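Data block below; observations after.
In this text, all values refer to a predicted model and were calculated from it rather than measured experimentally. Chain identifiers are assigned alphabetically (A, B, ...) following the order of the sequence lines, protein sequences preceding nucleic acid strands; residue numbering begins at 1 within each chain.
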Amino acid sequence: MDREKEGRGGIGVLERVREETEHLRVRLKEELEGLRQDLKEPQRTQLWKSIFRVPHERTTPRNRTLAVLANVFLHLHPARINRDAVRYSYTWGMGGISFYLFIVLTFTGVLLMFYYHPTKVQAFRDILYLEHDVPFGRLLRNMHRWAAHLMVITVWLHMFRVVLTGSYKRPREFNWCVGVILLVLTLLLSFTGYLLPDDQLGFWAVTVGTNMARATPLIGHEGPFGPQLGMTPYNDVRFALLGGSIVDSNALLRAYIWHCIALPLLAAIFMGVHFWRVRKDGGISGPAPVMLESEMKPVRKV
Amino acid sequence: MDWYQLWQILSAPDNVPIVGLLVIVPFYTWYGLRQARANDRLIEQLEANPELAKTHHRKTFPYRPGWPTEVHVWPYLLRIEFLAAIIVTALLMVWSLTLDAPLEEPANPNLTPNPSKAPWYFVGLQEMLVYFDPWFAGVVLPTLIIIGLMAFPYVDANPLGNGYYTWRQRTVAIGSFLIGFYLWIALIIVGTLMRGPGWMLFWPGQTWDHTRLVYEVNRNLPDIFGITSDWGKGIFGFFAVVLFYALAGFGIHKLVTRSPLNRKIYERTSLIQYLVFQFFAITILVGLPAKILLRLLFRIKYVWITPWFNI
């Protein structure tokens with residue numbers, strides 16, 4: 001290996017480095033330009049396209065339709081609806097608001113569960129801790145409480161609207177029944193949550209409520225024909241609800257499990273059926289064109 | 001007037017929903033029935049003019065030929081849903097920031113508050129305990145209400161009024177529901193505002209007197225007729241109840257077959273549909289108020305007395 005060659009080689013390296021740098025500079029400029037374009041129009045990126053399969057850039061009827069149908073969260077909606085159905089005056093929005101409140105309650109409820117132990121020793125202290133030490137703990141509990149009360153009201157109003165518009169009529173009879181079950185589940189969810197703070201208010205409300213179960217006909221120890229069938233305070237339906245003959249630690253645990261797991265699961269299943277059936281029964285009922293008495297078809301004799 | 005106590009009851013955080021109901025329920029009743037009246041006027045107009053009925057779009061909303069009958073959910077519905085979610089969230093935030101959820105002393109089985117009340121949505125059932133034994137007020141009645149609600153669409157044989165507000169085409173169905181719904185809310189309001197210590201009746205604003213005694217002797221219906229034997233009471237009560245069902249059923253029948261339209265609907269109703277409707281109407285819509293009146297006006301506790309159950 002001689003010097004000359006080495007020297008030439010050194011210059012070659014320098015030139016190559018310069019060339020490469022120039023190349024890199026141009027490349028970087030292009031890349032930055034590309035990135036700028038991506039930020040300007042994120043819809044064109046691979047990342048975007050992998051998440052949203054359907055292009056949304058232009059608001060063509062096809063895009064608007066696909067925006068709803070190709071989105072898992074929106075697909076319970078139809079692509080298009082009755083032009084008058086979007087009026088607040090028809091639906092009052094109470095079904096949708098009830099569902100939204102259920103989501104709010106699930107969200108705040110899960111957060112509350114992080115701070116709560118369903119035991120006689122801890123439960124009440126956990127609430128005090130939540131109210132006084134946990135950041136935004138009081139707000140969290142308040143929101144859960146008031147959303148629950150609000151949901152009871154919105155569910156009632158939803159039912160009221162469905163009656164006033166005759167929306168339970170054929171072909172929606174079965175979905176009305178599912179709705180009645182959801183109403184009962186809403187009340188039960190609220191009721192089981194009442195005991196959880198383990199304070200006087202919840203304790204006595206639940207005592208009053210479950211004392212009625214003593215009087216259940218046939219399966220309560222104070223109900224008609226209960227004693228004749230061998231019911232005692234230690235084997236009747238109230239015992240099953242409370243896990244004991246008094247409202248105590250077992251009752252707290254049972255209320256907790258019903259409230260946080262069993263009832264929300266049931267409600268979610270019935271809600272799924274409810275929404276599914278709304279679609280399958282032909283979407284929301286109206287506002288439909290009015291029908292006249294003179295157009296009533298004669299009774300079909302089967 | 002004990003304004004302070006009234007304010008204490010009304011402003012108890014858990015009673016706020018009831019105060020809300022006092023405003024919300026009348027508002028939405030008005031809101032719904034206003035649209036019903038508008039539709040009823042349109043129906044009347046169309047019934048009178050068959051030619052117009054053929055061409056009219058049959059809604060009270062504006063419409064011109066050529067307008068699309070449907071709109072896209074994106075954005076016309078989704079923007080409303082989004083807006084509703086924001087409004088509800090904001091409302092809930094304000095409510096939660098201004099009013100704290102109640103928390104009383106730790107649960108103490110040895111210290112019974114007087115009165116101790118159920119959660120507000122069940123106070124109506126607790127109020128029913130005054131008029132019926134727990135097995136009926138607390139178990140059978142709620143079950144009947146749930147079954148009755150579920151049976152509602154199956155006994156309503158009226159094909160009119162599907163998907164629009166109307167009153168005149170559906171007087172019986174809407175009337176029955178309104179009576180039940182208002183009864184439920186009225187019982188909640190009575191139970192919350194008018195029941196004090198010992199579940200005694202206090203008018204709103206009347207000071208709760210924990211030492212008050214009521215020298216009212218409740219009577220049973222058979223006693224008034226001088227029936228003393230167990231067999232006599234049982235048989236008498238049975239016939240009293242049967243008579244009540246017959247009379248109330250007859251009254252309801254007269255009421256629901258008064259107008260020509262209602263008679264037409266009645267003809268379309270099958271026997272089983274009609275009997276189920278009558279059973280729930282008599283038991284819940286007439287029976288409850290009747291028993292409440294018997295108790296409050298005539299101090300009658302039981303109508304039917306047997307060794308196993310009393311009604």
Side-chain angles (χ1 to χ4, degrees), chain A residues 64 67-68 77 79-81 83-84 86 89 93 96-97 100 124 127 139 141-143 145-147 149 152-153 157 163-166 168-169 173 176-177 180 184 187 191 194 197-201 203-205 208-209 212 215-217 223-225 285-293 296 299, chain B residues 17 28 32 35 39 42-43 46-47 53 58-59 61 69-74 76-77 80-81 84-85 88 92 95-96 100-108 113 116 118-119 121-122 126 134-135 138-139 146 149-150 152-154 159-165 170 174 177 181 261 268 308-309:
Chain A
R64 285 181 165 179
V68 173
H77 295 90
R80 288 182 300 162
I81 47 164
R83 63 174 291 128
D84 299 314
V86 292
S89 61
I97 291 173
Y100 178 66
F124 187 77
I127 307 297
L139 181 69
R141 184 165 114 83
N142 290 351
M143 276 190 87
R145 183 82 164 204
W146 302 140
H149 283 350
V152 171
I153 294 177
L157 288 176
V163 169
L164 284 184
T165 57
Y168 57 79
K169 294 185 181 217
E173 307 100 315
W176 161 271
C177 293
V180 172
V184 175
L187 294 176
F191 184 65
Y194 225 73
D198 199 29
D199 65 341
Q200 280 286 73
L201 190 67
F203 178 84
W204 287 102
V208 168
M212 291 194 202
T216 313
F225 309 108
S285 59
V290 298
M291 208 177 134
L292 303 183
E293 194 189 325
M296 267 167 81
V299 196
Chain B
Y28 276 104
Q35 296 176 70
N39 276 332
L42 175 68
I43 289 166
L46 295 180
E47 291 278 13
R58 299 197 168 197
K59 290 184 192 178
F61 309 124
T69 51
E70 289 184 323
V71 291
H72 275 103
V73 162
W74 177 294
Y76 299 107
L77 176 62
I80 295 173
E81 290 180 348
V88 171
L92 214 55
W95 189 356
S96 304
D100 282 339
L103 185 69
E104 297 184 355
E105 307 88 79
N108 184 353
S116 53
Y121 37 83
F122 285 146
Q126 202 180 356
W135 68 272
V139 185
I146 293 167
L149 280 173
M150 284 188 171
F152 206 81
Y154 297 101
L160 300 179
N162 187 345
Y164 54 90
Y165 288 94
R170 299 180 52 225
I174 293 179
F177 186 85
F181 190 45
L261 174 60
R268 303 171 77 96
W308 311 282
F309 64 87

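- Distance alone, capped at 3.5 Å, is enough to place a donor-acceptor pair between the A/Lys169 side chain and the B/Leu160 backbone.
- Using a 4.5 Å cut-off on side-chain heavy atoms (C-beta onward), B/Tyr154 and A/Cys177 make contact.
- Counting heavy atoms from C-beta outward, B/Leu261 and A/Met296 have side chains that approach closer than 4.5 Å.
- Of the two parts of A/Trp176, only the side chain, counted from C-beta on, holds a non-hydrogen atom closer than 4.5 Å to a non-hydrogen atom of chain B.
- Nearest heavy-atom pair, A/Pro217 versus B/Trp135, reported as atom, atom and distance to 0.1 Å: CG-CE3, 3.9 Å.
- Within the 4.5 Å cutoff, side-chain heavy atoms of A/Met291 are placed close to those of B/Tyr164.
- When heavy atoms are compared at a cutoff of 4.5 Å, A/Val163 approaches chain B by way of both its backbone and its side chain.
- Of the listed residues (B/Thr69, B/Asn162, B/Leu149, B/Val139), the one with the most heavy-atom contacts under 4.5 Å to chain A is B/Asn162.
- Interface check for chain A: of the options B/Phe61, B/Phe122, B/Phe181, the most heavy-atom pairs under 4.5 Å are formed by B/Phe61.
- Contact count versus chain A (heavy atoms, under 4.5 Å) is highest, among B/Glu47, B/Gln126, B/Glu105, for B/Glu47.
- No donor-acceptor pair closer than 3.5 Å links the side chain of B/Glu81 to the backbone N or O of A/Gly96.
- For B/Tyr76, the parts sitting under 4.5 Å from any heavy atom of chain A are the backbone and the side chain alike.
- Contact of the B/His72 side chain with the A/Arg80 side chain is registered, since non-hydrogen atoms from C-beta on lie closer than 4.5 Å.
- Proximity of A/Leu292 to B/Arg58: side-chain heavy atoms (C-beta onward) are separated by under 4.5 Å at one or more points.
- Proximity to chain B is limited to the side chain of A/Leu157, based on heavy atoms less than 4.5 angstrom apart.
- Ranked by heavy-atom pairs under 4.5 Å with chain B, the first of A/Gly223, A/Pro287, A/Ala147 is A/Pro287.
- With a 4.5 Å cut-off on non-hydrogen atoms, A/His77 touches chain B through its side chain but not through its backbone.
- Contact count versus chain A (heavy atoms, under 4.5 Å) is highest, among B/Trp308, B/Phe152, B/Tyr165, for B/Tyr165.
- Nearest heavy atom pair, residue A/Asp199 against residue B/Leu103, reads OD2-CA, 3.5 Å.
- Ring geometry for B/Trp95 against A/Trp146 counts as parallel: the plane angle stays under 30°, on a 0 to 90° scale with 60° as the upper cut.
- Per-residue heavy-atom pair counts under 4.5 Å with chain B were compared for A/Asp84, A/Val184, A/Ile97, A/Val68, and the maximum is reached by A/Asp84.
- Among all heavy-atom pairs drawn from A/Gln200 and B/Pro113, the shortest one is NE2-CD, 4.3 Å.
- For the pair B/Lys59 and A/Pro289, the minimum side-chain heavy-atom distance is below 4.5 Å.
- The parts of A/Tyr168 that come within reach of chain B are both its backbone and its side chain, each placing non-hydrogen atoms under 4.5 angstrom from that chain.
- The part of A/Ala79 that comes within reach of chain B is its backbone (N, CA, C, O), which places non-hydrogen atoms under 4.5 angstrom from that chain.
- Residues B/Ala107 and A/Phe203 approach most closely at CB-CB, 3.6 Å, considering heavy atoms.
- Chain B forms the most heavy-atom pairs under 4.5 Å with one residue out of A/Gly166, A/Gly286, A/Pro197, and that residue is A/Gly166.
- Residue with the most contacts toward chain B among A/Ile127, A/Leu201, A/Thr216: A/Leu201 (heavy-atom pairs, distance under 4.5 Å).
- Side chains of A/Leu164 and B/Phe177 form no contact here, defined as non-hydrogen atoms less than 4.5 Å apart.
- With a 4.5 Å cut-off on non-hydrogen atoms, A/Tyr194 touches chain B through its side chain but not through its backbone.
- Nearest approach of B/Pro17 to A/His149, heavy atoms of both residues: CG-CD2, 3.5 Å.
- Considering all non-hydrogen atoms of both residues, A/Asn142 and B/Ala101 come closest at OD1-N, 2.8 Å.
- The greatest number of non-hydrogen atom pairs below 4.5 Å with chain B, out of A/Val180, A/Val86, A/Ile81, is found for A/Ile81.
- Taking chain A as the reference chain and counting heavy-atom pairs below 4.5 Å, the highest number among B/Ile174, B/Leu92, B/Ile146 is found for B/Leu92.
- In this structure, the separation between CG on B/Asp100 and CZ on A/Arg145 is 11.5 Å, given to the nearest 0.5 Å.
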